Amino acid sequence: MKLNERSVAHYATSDSPADHTGFLRLWGGLGTPPTAGGAGRRCWFVLKGNLLFSFESPEGRAPLSLVVLEGCTVELAEAPVPEEFAFAIRFDAPGVRPYLLAADGPAAQEAWVKVLSRASFSYMRLVVRELESQLRDARQSLALHRRSPWKAGATGRSKPQASEHSSRLENGHSPSKDCSPGGSVEGRGSRLSGWASAEWELPGPASLLLGRGQSPVSPETSCFSTLHDWYGQEILELRRRWLQRAQGGRPARENKDRP
Amino acid sequence: MRYNEKELQALSRQPADMAAELGMRVPKKGSVVKRRLIKLVANFLFYFRTHEAEPIGALLLEHCRVTREEPSAFSISFLEDMERKYRFECCSEEQCQEWITALSRASYEFMRRSLVFYRTEIQKMTGKDPLEQLGISEEARFQLSSLKA
């Protein structure tokens, strides 16, 4: 299978933000045979989004390898050498050996396990969806607090909002329940799987939505210009009413409602 | 650069965000438009021969630009070399627009921007950090500063 490798390598070394970096030891995986001494190979690792790159050194110009972190679980593991703070990236795909890695210390190990188990695109998408609906709710409750003539002007928008809200209730689990992002790494040897795998294996909210061919973020609020327009509607409505009143053409009903 | 090809193939079998048979031309000298099954899964665009289970290839959709070339054709090019264009031909203008919209939102970087935007907006409205409630407020990828680079 081909991959646009040159662009991927360019992305790996570009100045776009890295989510985590550090030295790790690597055993096996990606064609490297486990070394006889069991010491593994020490490489510089860079996590960008759902992509884990390795380099010869922090100054390395070209990545040695890439692991796409989709459909995997990350768990603490035993290294071939004692005193290593090891963990494994396991994939559900057939015939795929786990990647065995080790950090320099317990803190680095914990940080890597945490960040790798939440690296998947589907996890990111769940958090975005959750915040999207929180923002919608916040905006709704703000609208409810405003007892003013403009409430009438907002009814034009309330219909799509309501239908979106109910679709969220049908499909949307909170990511905190699905993936336990709040959990911490406690005790070596405890299984940390599930964080990254939940939405992959189960017919979770993401796959339910995606199966229907929907775009990653609901079109209603995903694009900044749409959001801008959305806010703008209220202002336009206010302005329309103000003009109406200024022209003396105000309906009596509105007069009564005004504070 | 080595990459986990088998796992990527497994990803190509996952439910697609978008899928359709489109005409596709790769940026190679003398290449022609061929009928391909195109599948968008997460931030990867897979392309298949129409009757094969394994994809011919995948495009990672980071640092890419999606351009409308004709009413019903678009192209994808990558920051590293904007002249190299993968060209796609759709059945209608409408279909073309759907693909352009979906592809321009498909990157992890787009997700990150959306997340930071929502986070800031919610904080402004409620005074609370929504990520703190999820226990992930410290993560580097969710910080405003991560967008400066």
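Computed from a predicted structure; not experimentally measured. Lettering of chains follows the sequences in order, A, B, ..., and the numbering in each one begins at 1.
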Novice: Does B/Y47 have B/R36 sitting over its ring (NZ/CZ under 6.0 Å from centre, angle to axis within 45°)?
Specialist: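 Output no; distance or angle outside limits.
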
Novice: Please check: side-chain N/O of B/N43 versus main-chain N/O of B/L61, any donor-acceptor pairing under 3.5 Å?
Specialist: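 No, because the side chain of B/N43 does not come within donor-acceptor range (under 3.5 Å) of the backbone of B/L61.
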
Novice: Could you walk me through whether A/D19 and A/R118 pass salt bridge (charged side-chain N to carboxylate O under 4.0 Å, His left out), step by step?
Specialist: CA-CA 11 Å; A/D19 295 317; A/R118 293 172 194 164; over 6 Å; no

Novice: What are the residues of residues 87-98 of chain B, in order of number, with any heavy atom under 4.5 angstrom from a heavy atom of chain A?
Specialist: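 Listed by number: none.
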
Novice: Based on non-hydrogen pairs under 4.5 Å, which of B/I122, B/V41, B/L8 is most in contact with chain A?
Specialist: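 Most pairs with chain A among the choices: B/I122.
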
Novice: Distance from B/L60 atom CG to B/L45 atom CG, nearest 0.5 Å?
Specialist: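 That separation rounds to 10.5 Å.
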
Novice: So does A/R129 pair up with A/E132, basic N to acidic O under 4.0 Å?
Specialist: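 Answer for the salt bridge query: no.
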
Novice: Determine, for B/E69 against B/K85, whether the closest basic-nitrogen to carboxylate-oxygen distance falls under 4.0 angstrom.
Specialist: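 The answer is yes: the pair qualifies as a salt bridge.
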
Novice: Could you tell me whether the side chains of B/S12 and B/K39 share a donor-acceptor contact shorter than 3.5 Å?
Specialist: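 Per modelled atom types, B/S12 and B/K39 side chains form no pair under 3.5 Å.
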
Novice: Taking side chain as everything from C-beta outward and backbone as N, CA, C, O, which of these in B/S104 sits under 4.5 Å from a heavy atom of chain A? Side chain, backbone, both or neither.
Specialist: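 Neither part.
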
Novice: Can you tell me if B/E7 and A/Y99 form a side-chain donor-acceptor pair at under 3.5 Å?
Specialist: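 Yes, a side-chain donor-acceptor pair sits under 3.5 Å.
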
Novice: Is A/L131 close to chain B through its backbone or its side chain, or both, or neither, when contacts mean heavy atoms under 4.5 Å?
Specialist: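 Both parts, backbone and side chain.
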
Novice: Under 4.5 Å heavy-atom distance to chain B, tell me which part of A/A138 shows up: side chain, backbone, both or neither.
Specialist: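 Both the backbone and the side chain of A/A138 come within 4.5 Å of chain B.
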
Novice: Identify which one of A/L66, A/I89, A/V68, A/V46 satisfies the side chain to side chain contact (heavy atoms under 4.5 Å, CB included) criterion when paired with A/L52.
Specialist: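 Going through A/L66, A/I89, A/V68, A/V46 one by one, the side chain to side chain contact (heavy atoms under 4.5 Å, CB included) with A/L52 is satisfied by A/I89 alone.
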
Novice: For chain B, which residues of residues 2-11 of chain A have at least one non-hydrogen atom nearer than 4.5 Å to it?
Specialist: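 Near chain B, by residue number: A/K2, A/L3, A/N4, A/E5, A/R6, A/S7, A/V8, A/H10, A/Y11.
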
Novice: Is A/R41 reaching over with its side chain to a backbone N or O of A/R25, donor-acceptor style, under 3.5 angstrom?
Specialist: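 The answer is no, because no donor-acceptor pair under 3.5 Å joins these two groups.
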
Novice: Can you check whether B/L37's main-chain N or O pairs, donor with acceptor, with B/T50's side chain at less than 3.5 Å?
Specialist: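 Looks like no, no N/O pair under 3.5 Å.
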
